[in-house]
Amino acid sequence: MANFYNDNPSLKHHLTHPLMRKIIELKERNYTDAEKYDYAPFNYDDAMDSYEKVLEIAGEISGDIVAPNAESVDHEGPHVVNGRVVYAEGTQKNLDALVKAGLMGISLPRRYNGLNFSLVPYIMAADMVSRADAGFVNIWGLQDCAETIYEFADEDQRKRYLPRVCAGETMAMDLTEPDAGSDLQAVMLKATPDEENGCWRLNGVKRFITNGDGDIALVLARSEEGTKDGRGLSMFIYDKNDGGVTVRRIENKMGIKGSPTCELVFKNAKAELCGSRKLGLIKYVMALMNGARLGIAAQSVGVSEAAYREALDYARDRRQFGKAIIEFPAVYEMLSVMKAKLDASRSLLYETTRFVDMYKTYEDIARERSLTPDERTEMKKYSRLADAFTPMAKGMGSEYCNQNAYDSVQVHGGSGFMKDYACERIYRDARITSIYEGTTQLQVVAAIRHVTTGTYLNQIRAYENENIAEAYLPLKDELVKLTDIYAAAVEKVTSAKDSEYLDFMARRLVEMAGNIIMSYLLILDASRNEEFDASARVYNNIAKAEIAKHAEFINNFTPSEINVYKKA
């Protein structure tokens with residue numbers, strides 16, 4: 001029996017991070033729910049026990065059901081029957097198992113039948129499910145769309161829709177269109193008020209919609225006649241039970257083939273406004289996308305874990321020239337780098353999740369009562385950090401996922417090119433992580449302002465002041481030097497006061513910040529848990545090499561040279 005929680009000690013390490021006590025106390029309102037619900041925790045240890053039990057169930061289902069079904073789902077895939085999606089047999093079994101185990105609505109409040117968990121265990125479950133089957137997490141994991149309904153819908157809508165998600169109904173977010181991919185301001189799906197029936201009617205086409213035939217969908221549509229920009233867009237809730245939407249086709253994708261990516265046709269589909277008019281893109285989609293990006297960061301880490309384990313197992317078993325290939329320096333060097341990138345991206349993922357947890361919980365408390373000045377200050381702090389770390393976690397985590405998938409195939413050699421080995425599927429599945437929910441380039445666009453405003457540098461300085469074990473002080477000294485190099489590179493680029501030059505160098509600057517941050521996080525992890533020792537040391541070397549490379553490029557480049565790249 002495989003259990004993807006019990007066989008991965010790093011998950012428990014992150015679950016027991018020191019900040020978790022405060023997160024849980026805030027989330028549980030000092031455990032007052034215990035007076036109303038017999039399954040609510042009465043203290044921190046009780047809450048942590050509940051988290052672990054649920055994660056063990058998620059780990060068991062991931063290891064014993066989802067992972068064994070992954071190959072058949074990849075071959076069968078979903079299909080369309082009479083305008084509706086029919087999942088692959090294995091996909092439906094996966095979903096049934098997770099729903100039966102109560103793993104829907106994990107982070108939603110208990111009054112809507114949710115578990116009221118922190119985001120950390122939810123993201124951990126997504127991490128494990130992604131390791132088992134990257135495509136399936138796109139169906140089960142879209143339950144996080146319910147957070148948008150919870151945050152912005154009215155109470156009547158919450159009461160009608162959120163218990164359905166907790167009971168196992170699936171969700172979708174219908175954003176992109178044939179002519180509106182990354183540029184969501186170009187969305188033209190038309191929303192027309194139907195005053196006679198007290199609803200809205202949606203007409204048009206959506207494309208590349210993940211789990212597009214989900215039971216409940218959040219739809220971005222143009223509600224303001226004559227507008228052409230984001231100010232004319234609103235968010236709507238569509239209930240599949242009301243009809244009016246047909247699945248025209250399912251895209252034939254490179255990977256994540258069990259996840260139905262749909263083209264949808266809306267014909268006078270009934271819908272209801274979510275929140276206020278004109279704020280669909282400006283406010284609601286931004287919140288929705290940030291949640292989705294955190295989910296893709298978790299997916300990336302899960303796929304990266306699968307890639308590393310496949311490579312490690314193969315390298316231990318495969319013998320050449322009289323010994324296992326893991327004994328060759330060329331192979332164990334690859335594996336050590338894969339492990340360091342995996343651990344670094346996971347540390348960044350859970351640091352980001354804790355930041356999101358803190359500010360979202362404070363926002364929720366603010367709906368119930370006024371925050372104290374100290375609470376409001378802390379909420380703003382964590383909101384800023386979440387805003388800065390989310391694109392970094394998604395961008396760099398997905399790139400490392402792709403690199404680890406690539407190296408996993410390489411460790412397998414010719415065998416890795418064959419469908420007999422799971423690394424071939426993992427390699428195809430990994431590729432989408434750096435594309436959807438905003439390409440890596442768009443994550444850089446979101447992150448660069450935190451380079452120029454000093455958010456990353458200030459947090460790096462905060463890590464400098466953390467308690468670091470004596471064994472890792474030499475690594476910290478290296479990071480202090482790297483931070484000075486990073487700060488000088490930022491100054492060189494920003495002092496030119498050339499926006500095109502800044503955009504051109506943005507990815508290098510964001511990656512430099514990310515390398516330093518992830519190296520600090522691993523040193524802090526290793527200070528608490530010696531299992532991270534090797535990764536902390538290997539990643540520190542990776543950071544030194546990457547920052548030296550980027551710094552040299554920036555220092556020896558002038559803005560006028562951009563013209564050469566334009567002509568290439």
Side-chain angles (χ1 to χ4, degrees), residues 7-10 131 134 254-255 300-348 396-431 433-434 440 471-472 474-475 478-479 482 508 511-512 514-516 518-519 521-523 525-526 530-553:
D7 74 357
N8 192 348
S10 64
R131 172 185 161 190
M254 175 194 294
S300 298
V301 170
V303 174
S304 195
E305 177 82 39
Y308 168 70
R309 286 176 180 262
E310 289 293 327
L312 181 64
D313 289 346
Y314 185 83
R316 285 170 171 166
D317 291 342
R318 176 66 169 164
R319 300 186 66 81
Q320 291 283 271
F321 306 104
K323 58 183 177 180
I325 65 171
I326 197 172
E327 296 182 40
F328 294 105
V331 176
Y332 67 66
E333 186 273 339
M334 288 176 68
L335 289 166
S336 66
V337 169
M338 289 175 72
K339 184 64 161 59
K341 288 177 178 177
L342 166 62
D343 285 342
S345 56
R346 179 172 277 130
S347 293
L348 180 59
M396 295 193 72
S398 64
E399 292 294 329
Y400 281 173
C401 167
N402 275 273
Q403 292 166 22
N404 275 3
Y406 179 98
D407 284 344
S408 183
V409 172
Q410 194 72 13
V411 168
H412 283 73
S415 296
F417 201 65
M418 307 300 162
K419 288 187 179 290
D420 306 61
Y421 289 85
C423 67
E424 183 271 342
R425 170 176 49 80
I426 292 167
Y427 181 75
R428 287 186 286 107
D429 288 347
R431 189 62 189 90
T433 60
S434 58
T440 300
Y472 303 107
L475 301 187
E478 294 286 354
L479 291 177
L482 295 181
R508 292 177 175 84
E511 287 184 358
M512 290 172 83
N515 291 142
I516 296 170
M518 284 190 276
S519 191
L521 291 174
L522 281 175
I523 289 171
D525 286 335
E530 63 182 12
E531 288 189 14
F532 291 89
D533 178 81
S535 286
R537 296 181 185 282
V538 171
Y539 196 84
N540 191 263
N541 284 329
I542 293 171
K544 285 189 286 187
E546 288 297 306
I547 288 169
K549 177 182 72 176
H550 290 319
E552 183 176 6
F553 187 96

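Along the sequence shown, residues are numbered consecutively beginning with 1.
For the atom pair CG (Asn404) and CG (Leu342), the distance works out to 6.5 Å, reported to the nearest 0.5 Å. The CD atom of Glu399 sits 3.5 Å away from atom OG1 of Thr440, with the distance rounded to the nearest 0.5 Å. Separation of atoms CD (Gln410) and OH (Tyr427) is listed at 9.5 Å; rounding is to 0.5 Å. Taken from CG in Leu335 to CD1 in Ile325, the straight-line distance is 8.0 Å, to the nearest 0.5 Å.
Considering every non-hydrogen atom in both Phe532 and Ser10, the closest pair reads CZ-CB, 3.8 Å. Pairing each heavy atom of Ser336 with each of Val538, the nearest pair is O-CG1, 3.9 Å.
A salt bridge does not link Arg309 to Asp313: none of the charged side-chain nitrogens sits closer than 4.0 Å to a carboxylate oxygen. Contact check on Asp7 versus Arg131 returns a salt bridge, with a Lys/Arg side-chain nitrogen under 4.0 Å from an Asp/Glu carboxylate oxygen. A salt bridge links Lys549 with Glu546; the closest basic N to acidic carboxylate O contact falls under 4.0 Å.
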- Message: Tyr314 vs Ser415, test: side chain to side chain contact (heavy atoms under 4.5 Å, CB included). Steps then yes/no.
- Response: CA-CA 10 Å; Tyr314 185 83; Ser415 296; 3.6 Å; yes

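Surrounding CZ of Arg431 are at most 12 heavy atoms belonging to other residues, nucleotides or ligands under 6.0 Å away. A 6.0 Å sphere centred on CZ of Phe417 holds no more than 12 heavy atoms belonging to other residues, nucleotides or ligands. Atom OH of Tyr539 has more than 12 neighbouring heavy atoms from other residues, nucleotides or ligands inside a 6.0 Å radius.
Residues Glu310 and Ser408 have side chains that never bring a donor and an acceptor to within less than 3.5 angstrom of each other.
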